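Structure first, commentary second.
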Amino acid sequence: MKYLKLSIIVIFSGTMIGCDLGPESPRGFSLPEGNSNEGKLVLLKYQCLACHNIEGLEPPIGLVNNPKINVRLGGKLTKVKTYADLLTSVINPSHKLARGYKLDSIQQDGVSKMTNYNDVMTVSELVDLVTFLQSNYVLIPFRRENYQHYGY
Ligand code: HEC
């Protein structure tokens, strides 16, 4: 019986690892180096600030803000945002919805309310944009005392 349990665990974890390295895995994914200043211009060009805010960046004059959506980009996080995370958020936003917002305000039937840019944005623009976005995130240490009320 003991061995049966053990072999189930071994087979199960083998399948998990197998999935990780399958054709759907992000392994081997790598973006060329981008230009952060250009990325900022891309963000302004595509009017991302209609639904987002970034500390220290004013929306261009005349941009109509969506009053119901105001998702923050950048800021302090205890877990690193990889460029794969950020790129996925732009080209496949419904894959993983932003956390900390009322679900009704950011999605409908599991589909993100974010605009789709896949047919208009060039790959170079996307690379620069992701470089700019990443430069706005600051990794801070996880401090136990800040999370004690969650039971950590
Ligand atoms: C019409 C509104 C709208 C526009 C315009 C828009 N977004 Fe979004 N965006 C959203 C919503 C709603 C979410 C939250 C749901 C989700 O994660 O997809 C989001 C999420 C994101 C996230 C993930 C944030 C997180 O904390 O996980 C990133 C990154 C992002 N957007 C980047 C952009 C960029 C870059 C642009 C411009 C090229 C843009 N967005 C334009 C609505 C918008």
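Numbering of ligands and ligand atoms starts at 1, following listing order. What you are looking at is a predicted structure, and each value in this text was computed from that prediction instead of being measured.
Inspection of the N53 and N70 side chains reveals an N or O donor paired with an N or O acceptor under 3.5 Å. Under the 3.5 Å distance criterion, with hydrogens and angles disregarded, a donor-acceptor pair is assigned to the side chains of T82 and D85.
For the ligand labelled ligand 1, residue R99 lies outside the 4.0 Å heavy-atom shell. Remark: distances from the non-hydrogen atoms of N66 to ligand 1 are all 4.0 Å or more.
When each atom of ligand 1 is checked for a heavy atom of K96 under 4.0 Å away, the hits are 17 (O). Close approach of ligand 1 to S112 is summarised as follows: ligand atoms under 4.0 Å from at least one heavy atom of the residue are 15 (C), 16 (C), 18 (O). Within the listing of ligand 1, atoms 1 (C), 2 (C), 3 (C), 4 (C), 5 (C), 42 (C), 43 (C) sit less than 4.0 angstrom from a heavy atom of C51. Interface atoms of ligand 1 facing I69, defined by a heavy-atom separation under 4.0 Å, are 12 (C). In summary, the atoms of ligand 1 found under 4.0 Å from a heavy atom of M121, numbered by their order in the structure, are 38 (C). Residue L97 approaches ligand 1 through these ligand atoms, each under 4.0 Å from one of its heavy atoms: 15 (C), 16 (C), 17 (O), 18 (O). Against a heavy-atom cut-off of under 4.0 Å, L73 is close to the following atoms of ligand 1: 22 (C), 24 (C), 28 (C), 29 (C), 30 (C), 32 (C). Against a heavy-atom cut-off of under 4.0 Å, K81 is close to the following atoms of ligand 1: 25 (C), 26 (O), 27 (O).
In terms of heavy atoms, V80 sits closest to L139 at N-CD1, 3.4 Å. Closest of all the heavy-atom pairs between K113 and D104 is NZ-O, 3.0 Å. When all heavy atoms are compared, the tightest approach of Y46 to Y117 is O-OH, 3.4 Å. Looking at every heavy atom in both residues, S112 comes nearest to L97 through CB-CD2, 3.8 Å.
If you check which protein heavy atom lies closest to atom 13 (C) of ligand 1, you get V71 CG2, 3.9 Å. Protein heavy atom closest to atom 36 (C) of ligand 1, with residue, atom name and distance, is C48 SG, 2.7 Å.
At a cut-off of 2.8 Å, S89 does not coordinate atom 8 (Fe) of ligand 1 through any N, O or S atom.
Using a 30° and 60° split on the angle between ring planes, Y83 and F29 fall in the tilted class, from 30° to 60°.
Using a 4.5 Å heavy-atom threshold, the side chains of L87 and L126 count as touching.
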side-chain contact (heavy atoms from CB on, under 4.5 Å) for L57 and N136? Distances and angles first, verdict last. CA-CA 11 Å; L57 198 63; N136 280 279; over 6 Å; no
Please walk me through it: do C51 and V71 pass side-chain contact (heavy atoms from CB on, under 4.5 Å)? CA-CA 6 Å; C51 303; V71 175; over 6 Å; no
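Taking only non-hydrogen atoms, the option from Y117, Y46, Y101 nearest to atom 5 (C) of ligand 1 is Y117. Nearest residue to atom 32 (C) of ligand 1 from M114, R72, Q108, Q47 is M114 (criterion: closest heavy atom).
Checked against a 3.5 angstrom limit, the closest N/O atoms of A98 and ligand 1 fall inside it. Of the N or O atoms in H52, one or more lie within a sub-3.5 Å distance of an N or O in ligand 1. By the 3.5 Å distance cut-off applied to N or O atoms, L86 is not counted among the residues near ligand 1.
Put simply, V90 and V120 are part of the same group of oily side chains (I, L, V, M, F, W, Y) that touch within less than 4.5 Å, one to the next.
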